[in-house]
Participant: 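The following block contains the structure, expressed as structure tokens.
Just so it is clear, the values below take in all heavy atoms, side chains as well, and ignore hydrogens, waters and symmetry mates. All chains are named by letter (A, B, ...) in the order of the sequence lines, taking the proteins before the strands, and each is independently numbered beginning at 1.
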Number of protein chains: 2
Amino acid sequence: MASAGRREVILAESARLFSERGIAATTIREIGDAVGLNSGTLYHYFSSKDAIVSEILVCFLTDLVERYDAVVAEPETARTRLGRIVRVSLEVADMHPYATEIYQNEFANLSTLPRYTEIAAAVESSHDAWFNVVEDGVRDGEFNSGVDIFEFQRMMRECVFMSVRWHRKTLAQDVDSLTETLTTVFLNGFVPAPQPGSTPPPPPTGRRRAAKKTATEPPAPRGSAKSTEAAASSDDIRAELDSLRTELRAIREAIAERPDAG
Amino acid sequence: MASAGRREVILAESARLFSERGIAATTIREIGDAVGLNSGTLYHYFSSKDAIVSEILVCFLTDLVERYDAVVAEPETARTRLGRIVRVSLEVADMHPYATEIYQNEFANLSTLPRYTEIAAAVESSHDAWFNVVEDGVRDGEFNSGVDIFEFQRMMRECVFMSVRWHRKTLAQDVDSLTETLTTVFLNGFVPAPQPGSTPPPPPTGRRRAAKKTATEPPAPRGSAKSTEAAASSDDIRAELDSLRTELRAIREAIAERPDAG
DNA sequence: GTCTATAGATAGATAGAC
DNA sequence: GTCTATCTATCTATAGAC
């Protein structure tokens, strides 16, 4: 009877244990204890321990890809869509509180899982969503191409999912501020010009860590050396930098306008 | 006699296996096979499997903290010191190719390790180095406080160590470009104001990364990840000048080689 | 559906010959 | 220092009573 929700309870408790202790370190008996069932009974619902892992990941990734696909297709600017991807990532992670951590911790060693092909395909699809939106933004001039596209989107994507771990306990409440922080940190370093209208808001000033100085040294010494030696030639260098940038831009545009430009 | 380097070989092979398969999934017998010793012989060098794990992590973290402490004490701007922390992180990671991955993958579940207190203290010390430098930069107005300090430095720190994993095979050659990319992405989104003198170049639209698929392996990071904003120190500016010159030269040559050029 | 009991495999670690 | 041999513990998964 209770078998209706039993499967889901097993999945939920397993996910929690897997993320807390690791998959290999979590035993079937521990899962049984957490659910309130004998370990043998679990095999009435799942054919193996790995099958539980696979189902956890497939459920999470299916939800994620489905919502990514909707966002990517939106007729919005790349910045808007990228912000939505961040938000969707956090929301889906909130619906699957432990799956993202399991995936992050152990994906590298999960290639022998039952439905691994399905899982890998979903992972790749989710990665494509990020890449395509960032690529669109660069092509349209909305983002800066001074930083390698692939490198950038991978950093941002992984940072978003690490943030899930860091904010797991309060993720639902933190979605807004986290989305804002992530897009501000990454995009204000990635857009060509600063937004005149939307300058970064006054500090949300979240938590402050009890910053203890390292036992050896009080790191006071940042000091006056700021721009002393660089000051003399600084203007000349900046001038040359600007001219180089201008020339580079002209050349790039010339190349881009060529009919057979690649 | 061979016992001189044996310990180090055991540590190296163990680290490789632990990072590839996970600690729990790596058996003593596999380590013995990899080293060319019987599994029982390993206990002549280490008291347990966990003792091997601990020694791997302690060696890595000791090197890291030692070099962090030197950087934090430098009389430089926060931006310079933060850049040095990034570089030092990559260099130490290159000296301990697998320790960072082991730490990232399994640190959450390692609290029962033999020398865990020592390990945790080193981890905290390394975190403090990052926090203190970023905090200094904010206090002096060099960085922007519109984003939560703790959140920012944690994102940047974790991104640096994830980059180690992504570039593990070519880390030594990629240190320069990676340091540049990481500081550009994070700091240009974290500095208070853009340089008024130089309007950032509009998007070139020309070069696009060819491979968007492949969830497995990023293409080689050609060092085109260059900053668009003027850097704070003369070293950074000179480095950018050099890279711009190099890129200009490459573009000129590419144009000259086109059959229909001129 | 849930349990008890256990099969079958393999892990970490030890003892002692050489 | 290295080996063979083995102990002890524990795991996944199964068989069958209820």
Participant: Of A:I10, A:I31, A:I28, which is the lone residue that meets side chain to side chain contact (heavy atoms under 4.5 Å, CB included) with A:F46?
Facilitator: A:I10

Participant: A side-chain contact here means heavy atoms from C-beta on lying under 4.5 Å apart; do B:F143 and B:R79 qualify?
Facilitator: yes

Participant: Between A:E20 and A:R16, does at least one N-O distance fall below 4.0 Å, as a salt bridge requires?
Facilitator: yes

Participant: Any sub-3.5 Å donor-acceptor pair from A:E101's side-chain atoms to A:Y98's backbone N or O?
Facilitator: no

Participant: Tell me: CG of B:D33 to C1' of C:dG12, nearest whole Å?
Facilitator: 15 Å

Participant: Looking at residues 108-119 of chain B, who's got a heavy atom less than 4.0 Å off DNA chain D?
Facilitator: none

Participant: Whether B:R168 and B:D94 form a salt bridge (side-chain N of Lys/Arg under 4.0 Å from carboxylate O of Asp/Glu) is what I want to check.
Facilitator: no

Participant: Please report the distance, rounded to the nearest Å, between NE2 in B:H44 and C1' in C:dA15.
Facilitator: 15 Å

Participant: Please state whether the rings of B:F161 and B:F60 are parallel, tilted or perpendicular, taking 30° and 60° as the class boundaries.
Facilitator: perpendicular

Participant: May I have the distance from A:F46 (atom CZ) to C:dG1 (atom P), rounded to whole angstrom?
Facilitator: 13 Å

Participant: To the nearest Å, how far apart are B:F18 CZ and C:dA11 P?
Facilitator: 13 Å

Participant: Over how many whole Å does the gap from B:R7 atom CZ to D:dT2 atom P extend?
Facilitator: 13 Å

Participant: How long is the line joining CG of B:L37 and P of D:dG1, in whole Å?
Facilitator: 12 Å

Participant: Just checking, any donor-acceptor pair under 3.5 angstrom between side chains of A:T170 and A:D174?
Facilitator: yes

Participant: Given D:dT2, is OP1 or OP2 found less than 4.0 Å from the side-chain N or O atoms of B:Y45?
Facilitator: yes

Participant: Determine the sole option in A:L113, A:I52, A:V53 for which the side chain to side chain contact (heavy atoms under 4.5 Å, CB included) test with A:I23 is passed.
Facilitator: A:V53

Participant: Distance from A:C159 atom SG to A:W166 atom CH2, nearest 0.5 Å?
Facilitator: 5.0 Å

Participant: Do nucleotides 11-18 of chain D as a string where each nucleotide becomes B, S or -: B if the base has a protein heavy atom under 4.0 Å, S if just the sugar-phosphate does, - if no protein is that close.
Facilitator: BBBB----

Participant: Take atom CG of B:L42 and atom P of C:dG12, then tell me their distance rounded to the nearest Å.
Facilitator: 10 Å

